Structures are given as C-alpha cells and as structure tokens.
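Below you'll find the structure, written out as structure tokens, and then a few comments.
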Amino acid sequence: MSDTSRAETPKRSAEAEVLAEFWHYFSENRGAVIGLFVFVALVLIAIFAPLVAPHSPTQQYRDALLQPPVWADNGTATFLLGTDAVGRDILSRLIYGARFSLFIGVVVVTLSLTIGISLGLVAGYVGGKPDTFIMRVMDVILSFPSLLLALVLVAILGPGLMNAMIAIALILQPHFVRLTRAAVLSEKNRDYVTAARVAGAGPLRLMFRTILPNCMAPLIVQATLSFSNAILDAAALGFLGMGAQPPTPEWGTMLAEAREFILRAPWVVTFPGLAILITVLAINLMGDGLRDALDPKLKRS
Amino acid sequence: MLRFLLSRIGLLIPTFIGVSIVAFSFIRLLPGDPVLLMAGERGLSPERHAELLKQFGFDRPIWEQYWDYLLGILQGDLGISIVTKKPVVAEFFTLFPATVELSLCAIVLAVMIGIPIGIIAAVKRGSFFDHTVMTTALIGYSMPIFWWGLLLIILFAGILQWTPVSGRISLIYFFPPVTGFMLIDSLLSGQDGAFRSAVSHLILPTIVLATIPLAVIARQTRSAMLEVLSEDYVRTARAKGLSPFRVVSVHALRNAMIPVITTIGLQVGVLLAGAILTETIFSWPGIGKWMVESISRRDYPVVQGALLMVASIIMLVNLAVDMLYGLINPRIRYAR
C-alpha cells in the first residue's frame, strides 16, 4: 500500500506520511478493514435509501400483513424480508432506518465531542476551582447508570428522537471531558507549549491550536466507541417507547412495535435487531483498529 | 488503610450532594405544575391546590425546599408513590432483592466464564481459540441486549419450550417471601419443584444480563494477562523452571487480576442499566421494570427516589471496589 503511494507522490507532505503510516497499521487489523467496508456500505445505503429501497417505508400493503420473508413457505419476492403487522415492507424500513441510526451517531458524537473537549480543555488548562467544579459535575453524571439518566432526561424533555439525542450526548460527554483533561495535564508543561506561550500565543490559541491536536488519539478512539454507544442507547430508548416515535422507521422503535408478534412472526423482531448488531459491530471493529493504529504503546511491540 | 478509606469517603460527599441535587431538580424541571405532578390528582379545587402547595413546600424558597429534601433523605424519607400510596423506600426494598438476585447471577456467570476464557486466550495468543473468543466477545459487547432477550425467548421459550417466557416463578407456587431471593425462598418453602421453577425462570434473564459484562471481562482479562506475561519477573519464573501452569496461575494471575477487579466493579452500573431492559423484556419484578413503568405512569416521586437510591448504590459499590483495590495493591493505598 505504502509502496504504490510512494510511486505516485515522490514528495509526500508530512500529513500524507502520517496518513500512510496510519493506514499501514489500521489495515493490519483484518477486522477493522471489514468493519470499515460494512460501515461505508451502510453510509451509502443511508444516502441512497430512496433509490435502494424497493418500497416506501410507510406504505401499508393491507393485503400482505405479516408476510414472511422470501425463503419461508409463504414468502414472496415482492417483500424480501417480509412485512410487519400493518403490511409495511421490512427491508425498506430497515434501509431508511440506517439513515436514522447514522444520523443519531453523528449528531450525538458531534455534540458530546464539542462540549466534552471544551470543558476538558478548560478544566485541564485553567485548573483550580473551575477544574474541581467541572470534574465533580462529571462524577455526578457518571454515578447514574447511563440508560436510566437518559430515560429521566427524556421524561423531562418529552419523548422524541431529538430529545433522546440530546440526553444521550449529555450522558456520553463526561468520558470526553476526562480524556481531554488528562491529556491536557500531561501536555501543558511540555517545552513546545511553553515555547508557544513565550512566543505570545493567547490562552485560546494555546488550548485549541497548540495542545489539542496532540491529545487527539484517545479522543478519536473514544468518539468511535461513543458512536456505537449512541446507536445502541437510542435504539434502547426507542424500544422503551421514549425515543423516536412510531411510525418512524428507527430500528429500536421497530422492535418495540414488533414485540407482541415475537412468537407468531419472528422475522419482524429478528431483522431490526440484526441491523443494529451489524452496525454497532462494524463501528466497534473499526474502533479496535483505530486504537491499535493510534496507540504508540502497541506500535512498538 | 483508614486514611485511605476516609479520603475516599470525603470524595464521595460532594458527589452524593450532586446526585441529590439532580434528584431534587428532576420534579421541578418537569414541564407542568409540580403540585399536580406530585399529587397525581385530577381536577384540584383552588383550595386543595393551595393546601397541597403548602404541604409539599413549593411556596418556600428553593434552598429551603432542598434543605428539607436533604433532611428527609437522611431520615430515609423519599416520598410517597402516587400510584400505590406507599412510601417509595418501602417499595424499593420490596423490589430490590429481585434485581440483586438477577444481577448477582449475571455477574457470577460473567466472571466464571469471562476470566478463564480470557486467560486461555492470552496464553494461546494468536491461536484459533483466541480469535474465536475475541470475535465472540466483540459481538457480545456490540449486542443490543433487548433484542438478544427477544431472540432467546423466540428460541428457548417459543420453539423449544424449554423455559418460561417471563416472571420469577410459576404461578402454581405460592409462599411468603422470607429473604426476597426466589432461589433461597423456593428452597425454604420445601415445595416440590419450586426451586426448579425458579431456576428455569432465571436462566434466560441471567444470560441476557451477563452478555455485555462477560464480553468486557473476557477482553479485559486477556489484555491484562498479555501485559503481565511480557514482564521480566514472569520470564524469571519461567527461567527458574517453574511449570507453565504455575507461572500463569500463581505468578501472572495475581497481578493481572488488579485491572480486572476494577472492571468487574464498573459493571455494576452496566448491570443496573441492563436490568432496566432485561426486566422489561422478561417481566421481572425488580427496580428496573419498576422505574420504566413509573416513568410511563408519571409516578414521579418514585422516579425521583429510585434515581437517588440507584446512584447511591453505585457509589457505595465503587467505594467497596476501591477498598478492595487498595487491599490487593499496596501501591495505591500509600500513593497519596
């Protein structure tokens, strides 16, 4: 891989070199590469959902209620994965559901990353009372089981996808605060930071431009983990009726609607859960690969 | 050791105050009139409304209200359930044993399987067994457990009919709760088949709740073991001619267990969050199901009280784990 890129670009910039090295370590982990491919496929399916899906996700085919999947005895090729209790095509709903899950992941990670990094930078860089206050608040958030706190927050804000995302972002961000703070504490007395300060860099520039880029590795790994956690928690909230509301084709909400048919029509339950599992697994596989590629301790061995 | 204990408790106090502020604010942050939320009555007359306003103390300054709330907590008063009209604390302790029983079974299962397979995977690093175990663990770690529970119900309760679908024990058995733990109570009752019935009800929820902790413990044991096995003292032990089994089980295991114990302690929060989903799926009458139902029934005093109790329990367990950690690893104890 790195040989071919060297042939194409004889004078590689430092950034390209870092990327090539990263890819070298990342691609050594076969699981991570598989995860990446599955994830890219999911993103493409989500973007092109209207083109890929054979039916509309909300269209109810009244003459085809609880139709089994194509390989079962009464299955038809019209509904490859069967239909649900009101005759909606499950495959199409799953395809549109990919949009929701990825959207949830992106929004939650962006929110918790932004808030978490800012608070962590302030806590680590400023220290003293703001540090104590921020870290105590994070301790309080972490002393509740995450799903319980999310449930309670949604009870306050009202059920719905947007509120579920806000709640999940809030319960995930303490991890970013802790990581950022720890990284800042170990970096802030290094010579390069002192040099930048002597050269006249202000506190904001020191925090965001000088220190932060050197703390990115653990944050990237944590962001991947949070991405999959966000999808799982949002699905759990949907399952408990506190997340996305029917008829939204969100996977957890689909499971909640399907619960009463589990013994009569197992496929209504099987496929949405499988979709969640595959998505989360792909992201976690990527996360493992990222950790191996970014962790300098493992690189040496 | 005492100083270590006291310093840890000192750290807990601000967290506990924070937790109580969260629980206190919960009722006041809900949309709507807090009096109506707390009273749970419809069509209140203005006089009754004023009376309740005074009774709940919503007319007084917020810090006085908080102070009263805090004093109430310290006296074990967490309010009255709107639905059952019983004290929240009493309800909590009636339902808590069910959750403890399920969680204990789950964590025991997770530890008994997770630690041995983690050790074997580390010793046989790169083998087929290692790859299989780590792939399975990652799948377990990524599992939406509410779906996993439904799948197990379809297979074992639906198709194979080996286990019941829900509940703690078959309805044909009835005996007064002594300990609250169904496994013990069913044995004490002396009724034929009661214990068997209790076990068969417990199997599926235990597997579901144990899935994520099992995966986490197996992964953590493997990586901790790998780290220790590359240490110089392990090489010395090998060079002395000790048997591989002795090196792993005596010399390496002791140090590898330190991070694993922390991981096991951290699973308490995971278990309680998992209990919310597991108990809902299997109609297990514990605090997880109780909290979900209270949220949907708008029984907010229950939600408020349960929030505080659950967080306090997690804090206490974490304290106990810290203590255990200090006992095993003197470096931690004398560090500060």
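Proteins come first, then strands; the chains are lettered A, B, ... in the order of their sequence lines, and each starts at number 1. What you are looking at is a predicted structure, and each value in this text was computed from that prediction instead of being measured.
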Worksheet item: Given a strict heavy-atom distance threshold of 4.5 Å, which part of B:R28 is in contact with chain A: side chain, backbone, both, or neither?
Response: neither

Worksheet item: Is chain B contacted by the side chain of A:L285, its backbone, both, or neither, given a heavy-atom distance below 4.5 Å?
Response: both

Worksheet item: Side chain, backbone, both or neither: which part of A:L142 has an atom under 4.5 Å from a heavy atom of chain B?
Response: neither

Worksheet entry | CZ/A:R136: more than 12 non-hydrogen atoms of other groups inside 6.0 Å | yes

Worksheet item: Is it the case that more than 12 heavy atoms not belonging to B:R235 sit under 6.0 Å from its CZ atom?
Response: no

Practice prompt. Locate the shortest heavy-atom distance separating A:V269 from B:W147; write the atom from each residue and the value.
Written response: O-NE1, 3.1 Å

Fill in: Top contributor to chain A contacts, counting heavy-atom pairs under 4.5 Å, from B:V165, B:I281, B:I313, B:I159
B:I281

Discussion item. How long is the straight-line distance from CG of A:L147 back to CD1 of B:I145, given to the nearest 0.5 Å?
Written reply: 8.5 Å

Worksheet entry | Verdict with reasoning, A:L148 to B:M291, per side-chain contact (heavy atoms from CB on, under 4.5 Å) | CA-CA 8 Å; A:L148 176 62; B:M291 286 188 292; 3.6 Å; yes

Practice prompt. With a 4.5 Å cut-off on heavy-atom pairs, point out which of A:G252, A:S228, A:S143 contacts chain B the most.
Written response: A:S143

Practice prompt. Side chain from CB out, backbone as N, CA, C, O: work out which of these in B:I314 comes under 4.5 Å of a heavy atom of chain A, or both, or neither.
Written response: side chain

Item to complete: Output the option from B:L30, B:V292, B:N318 having the highest count of non-hydrogen pairs under 4.5 Å with chain A.
Response: B:L30

Discussion item. Name the residue from A:V280, A:N284, A:L281 that meets the side chain to side chain contact (heavy atoms under 4.5 Å, CB included) definition with B:I139.
Written reply: A:L281

Item to complete: State whether the number of non-hydrogen atoms from other residues, nucleotides or ligands found under 6.0 Å of A:R99 atom CZ is greater than 12.
Response: yes

Worksheet entry | Leading residue by heavy atom contact count with chain B [cutoff under 4.5 Å; candidates A:A155, A:P266, A:A236] | A:A236

Worksheet item: In terms of heavy-atom pairs under 4.5 Å, which option from A:L153, A:I262, A:I231 contacts chain B the most?
Response: A:I262

Response to the item:
Honestly, the part of A:T270 sitting under 4.5 Å from a heavy atom of chain B is both

Discussion item. As an exercise: rank B:V303, B:L307, B:I153 by heavy-atom pairs under 4.5 Å with chain A and give me the winner.
Written reply: B:L307

Practice prompt. Identify which part of B:L151 has an atom lying under 4.5 Å from any heavy atom of chain A, answering side chain, backbone, both or neither.
Written response: side chain

Discussion item. Are there residues of residues 268-279 of chain B whose heavy atoms fall under 4.5 Å of chain A's heavy atoms? If so, which?
Written reply: B:G269, B:L272, B:A273, B:I276, B:L277

Worksheet, complete the sentence: CD1 (B:I154) and CH2 (A:W267) are apart, to the nearest 0.5 Å, by 10.5 Å

Worksheet item: More than 12 non-hydrogen atoms from neighbouring residues, nucleotides or ligands closer than 6.0 Å to CZ on A:F133, yes or no?
Response: no

Practice prompt. Report the C-alpha separation of A:F144 and B:V310 in whole Å, then their side-chain angles, then the decisive distance to 0.1 Å, and conclude whether the side-chain contact (heavy atoms from CB on, under 4.5 Å) test is met.
Written response: CA-CA 7 Å; A:F144 293 99; B:V310 168; over 6 Å; no

Worksheet item: In terms of heavy-atom pairs under 4.5 Å with chain B, which of A:L274, A:D139, A:I141 leads?
Response: A:L274

Fill in: Heavy atoms of other groups near A:F261 CZ, more than 12 under 6.0 Å
yes

Discussion item. Which one wins on heavy-atom pair count under 4.5 Å against chain B: A:I283, A:N229, A:V137, A:I156?
Written reply: A:I156

Fill in: chain A contact via B:M143 - which portion, at a heavy-atom distance below 4.5 Å
both

Discussion item. Please classify the contact of A:L263 with chain B as side chain, backbone, both or neither, using a heavy-atom distance under 4.5 Å.
Written reply: side chain

Fill in: Interface moiety of A:L240 toward chain B, non-hydrogen atoms closer than 4.5 Å
side chain

Response to the item:
Taking every heavy atom of B:P144 against every heavy atom of A:I276, the minimum-distance pair comes out as CG-CG2, 3.8 Å

Practice prompt. Tell me the residues of residues 15-25 of chain B whose non-hydrogen atoms fall below 4.5 Å from those of chain A, in number order.
Written response: B:T15, B:G18, B:V19, B:V22

Worksheet entry | Which portion of A:D288 sits near chain B, non-hydrogen atoms under 4.5 angstrom | side chain

Discussion item. I'd like to know which of B:S312, B:A306, B:A311 tops the heavy-atom pair count under 4.5 Å against chain A.
Written reply: B:A311

Worksheet entry | Part of A:L225 within contact of chain B (heavy atom distance under 4.5 Å) | side chain

